[in-house]
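Just below is one structure, and these are the notes that go with it.
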Protein chains: 2
Amino acid sequence: MTRKVPTPRRRESSLSREQIVEASIALLDASGESGLTFRALAEHLATGAGAIYWHVASKSDLLTAACDAIVARSLHATARKSAAPKPAIRALALALFDAIDTHPWVGSALTRAPGSLPMVRILERIGQQVVALGVPGAAQWTTTNALLSYILGVSGQNAANAHLAREQGFERDSFLGEVSAEWAQLDGAEFPFTRSVAAHMLAHDDRADFLAGVDLILAGIPAARRR
Amino acid sequence: MTRKVPTPRRRESSLSREQIVEASIALLDASGESGLTFRALAEHLATGAGAIYWHVASKSDLLTAACDAIVARSLHATARKSAAPKPAIRALALALFDAIDTHPWVGSALTRAPGSLPMVRILERIGQQVVALGVPGAAQWTTTNALLSYILGVSGQNAANAHLAREQGFERDSFLGEVSAEWAQLDGAEFPFTRSVAAHMLAHDDRADFLAGVDLILAGIPAARRR
DNA sequence: ACCTGAACACCGTTCAAGT
DNA sequence: ACCTGAACACCGTTCAAGT
């Protein structure tokens with residue numbers, strides 16, 4: 001993070017970390033995690049594969065940086081609304097859900113980078129609202145963690161669905177149709193619940209269900225305190 | 001899934017899908033997701049890489065099968081205790097947490113296989129208890145989904161911590177120490193919450209916090225119904 | 001029916017050599 | 001200080017050929 005004063009003497013159009021991250025995001029959005037390749041990146045940036053390593057430590061460094069750019073952007077867009085804590089948490093949750101829906105690779109990449117900067121950004125924002133909610137000190141960590149896990153968990157699953165559907169050339173709807181049909185054919189004695197929700201899962205609205213789950217957790221917070 | 005009657009005529013010690021899955025689990029446990037390689041697997045099984053493709057469709061098929069073996073085993077171990085719904089959900093959650101802690105690769109692999117058999121097994125078990133809890137029809141899917149996402153989300157994060165720590169050659173504790181120290185040095189104006197929980201995160205018990213979160217959601221269920 | 005192993009088309013990463 | 005591009009040590013997957 002210590003940035004030395006640069007003395008740009010050579011050509012002005014030299015490679016920069018931001019350029020590389022931006023190009024990475026474009027590749028990731030276009031063709032998923034497998035689309036991010038040092039060779040593809042080099043071609044995209046009209047340079048050699050080795051050049052990228054001057055600005056970036058490794059592929060996982062690059063992926064984390066790309067994640068952080070998306071997360072920071074998304075959090076920035078929902079910042080400073082100064083709403084009450086619970087509406088603020090709902091807005092935050094939806095912003096992340098939408099960001100991960102738009103950039104499905106963010107979901108799985110975040111999971112593999114615990115304690116990294118993008119995760120800390122989210123933790124911080126949720127935590128501040130949990131504190132504002134009046135949750136006592138000892139429960140703040142647990143409550144924030146529960147919300148964080150739910151938000152990233154469901155958003156990630158939703159994105160994985162979308163990604164898998166696209167990968168198999170289906171529309172998202174017809175992919176859900178496939179899964180629903182599979183579930184409906186499961187053994188009734190062994191999988192009664194899954195069979196019973198097969199129809200609902202076909203018709204459901206991912207975003208609305210996601211928000212309902214957030215509300216479920218939010219509802220549990222005062223209830224848990226009252227015990 | 002249609003299994004033709006096999007006519008084993010050649011040598012009795014032929015390769016089987018179960019053998020391959022078992023060897024895969026061993027490799028995954030020993031050296032993580034990057035340790036599962038068709039070449040390593042072939043060497044382990046004293047065969048050629050191509051032979052494995054006779055029994056397995058692809059690497060992702062193999063990974064899903066390995067996941068399913070672990071999940072099925074773990075669910076079977078906690079089956080038929082016929083406890084009340086909430087204790088049953090807690091026991092189920094802990095069993096999965098422990099299984100993913102022991103086999104960290106299960107956490108990330110599950111995320112990438114939505115709608116697959118191992119996921120359905122878990123969905124089914126949680127769903128049955130949610131139904132037993134008396135949650136009305138319309139809310140069953142959402143409630144089950146929330147629990148599923150929380151359980152897999154937190155377990156996955158915990159496993160990712162363990163895996164990352166091991167990868168970097170740290171003990172788990174000293175890895176958490178690193179992260180905690182980093183958090184304590186964050187900018188106080190921008191990251192007040194993260195700074196304030198840095199100490200707690202060092203001392204906390206992952207398993208206990210995980211269970212507390214499950215209780216938080218369980219507490220929210222009746223509260224949400226009462227609205 | 002099942003296995004072998006070479007071959008194909010890729011990867012991330014390194015590094016001498018250039019400017 | 002920054003870039004080039006060949007080279008290294010790998011991958012998953014395929015497929016003719018064997019038994």
Side-chain angles (χ1 to χ4, degrees), chain A residues 2-21 23-24 27-28 30-67 105 108-109 112-113 164 167-168, chain B residues 2-21 23-24 27-28 30-67 105 108-109 112-113 164 167-168:
Chain A
T2 51
R3 189 168 296 183
K4 287 167 192 152
V5 182
T7 47
R9 190 59 52 88
R10 206 159 276 278
R11 50 187 168 137
E12 226 60 27
S13 64
S14 76
L15 222 48
S16 76
R17 197 173 211 268
E18 290 90 64
Q19 267 174 55
I20 295 173
V21 170
S24 300
L27 280 175
L28 287 161
S31 26
E33 202 150 344
S34 68
L36 181 59
T37 278
F38 278 83
R39 274 160 248 255
L41 208 45
E43 195 180 6
H44 213 80
L45 294 164
T47 180
I52 297 165
Y53 277 89
W54 186 263
H55 303 272
V56 146
S58 65
K59 181 167 182 175
S60 103
D61 176 30
L62 188 52
L63 202 55
T64 303
C67 267
W105 49 274
S108 50
R112 268 167 283 138
L164 210 69
E167 211 172 45
Q168 302 188 353
Chain B
T2 51
R3 191 169 292 182
K4 289 168 191 151
V5 182
T7 45
R9 191 60 51 89
R10 204 156 278 278
R11 50 188 168 133
E12 226 60 27
S13 63
S14 76
L15 221 49
S16 77
R17 195 171 213 268
E18 291 89 65
Q19 267 175 57
I20 296 173
V21 170
S24 299
L27 280 175
L28 286 161
S31 25
E33 203 151 344
S34 69
L36 180 58
T37 276
F38 278 84
R39 273 160 250 257
L41 208 46
E43 194 179 8
H44 212 80
L45 294 165
T47 180
I52 297 165
Y53 276 88
W54 186 262
H55 303 272
V56 146
S58 67
K59 182 167 183 178
S60 104
D61 175 31
L62 189 52
L63 201 57
T64 302
C67 267
W105 49 274
S108 49
R112 269 169 284 137
L164 209 69
E167 210 173 46
Q168 301 189 353

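Protein chains get the first letters and strands the later ones, always in sequence-line order, with residue 1 at the start of each. Since this is a predicted model, take the numbers as computed values, not measurements.
Within the model, atoms CZ of Phe38(A) and OG1 of Thr47(A) stand 12.0 Å from one another, a figure rounded to the nearest 0.5 Å. Ser16(B) contributes atom OG, which lies 9.0 Å from atom CG of Leu45(B) (distance to the nearest 0.5 angstrom). Between Ile20(A) atom CD1 and Trp54(A) atom CH2 the span is 12.5 Å, to the nearest 0.5 Å. To the nearest 0.5 Å, atom SG of residue Cys67(B) and atom CG of residue Leu62(B) are 10.5 Å apart.
Within a 6.0 Å radius of NE2 in His55(A), other residues, nucleotides and ligands contribute more than 12 heavy atoms. No more than 12 heavy atoms of other residues, nucleotides or ligands lie within 6.0 Å of CD in Glu43(B), so this atom counts as exposed by the packing criterion.
For Leu45(B) and dC2(C), the CG to C1' distance is 15 Å, given to the nearest whole Å. One can place CD of Glu43(A) at 14 Å from C1' of dG5(D), the figure rounded to the nearest angstrom.
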Give the B/S/- string for nucleotides 10-15 of chain C, one per nucleotide from 5' to 3', where a protein heavy atom under 4.0 Å of the base yields B, of only the sugar-phosphate yields S, and otherwise -.
-BBBBB
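Base pairing in DNA chain D gives the following stems of 3 or more Watson-Crick or G-U pairs, range against range and under 3.5 Å: C:4-8 with D:12-16, C:12-16 with D:4-8.
Note on Trp54(B): a side-chain N or O is less than 4.0 Å away from OP1 or OP2 of dC2(C).
Between Leu41(A) and Lys59(A), every side-chain heavy-atom pair lies at or beyond the 4.5 Å cut-off.
Look at the P atom in both dA17(C) and dC2(D): the space between them is 22 Å, to the nearest Å.
Between Arg112(A) and Glu33(A), at least one side-chain nitrogen of the basic residue sits less than 4.0 Å from a carboxylate oxygen of the acidic one, meeting the salt-bridge criterion.
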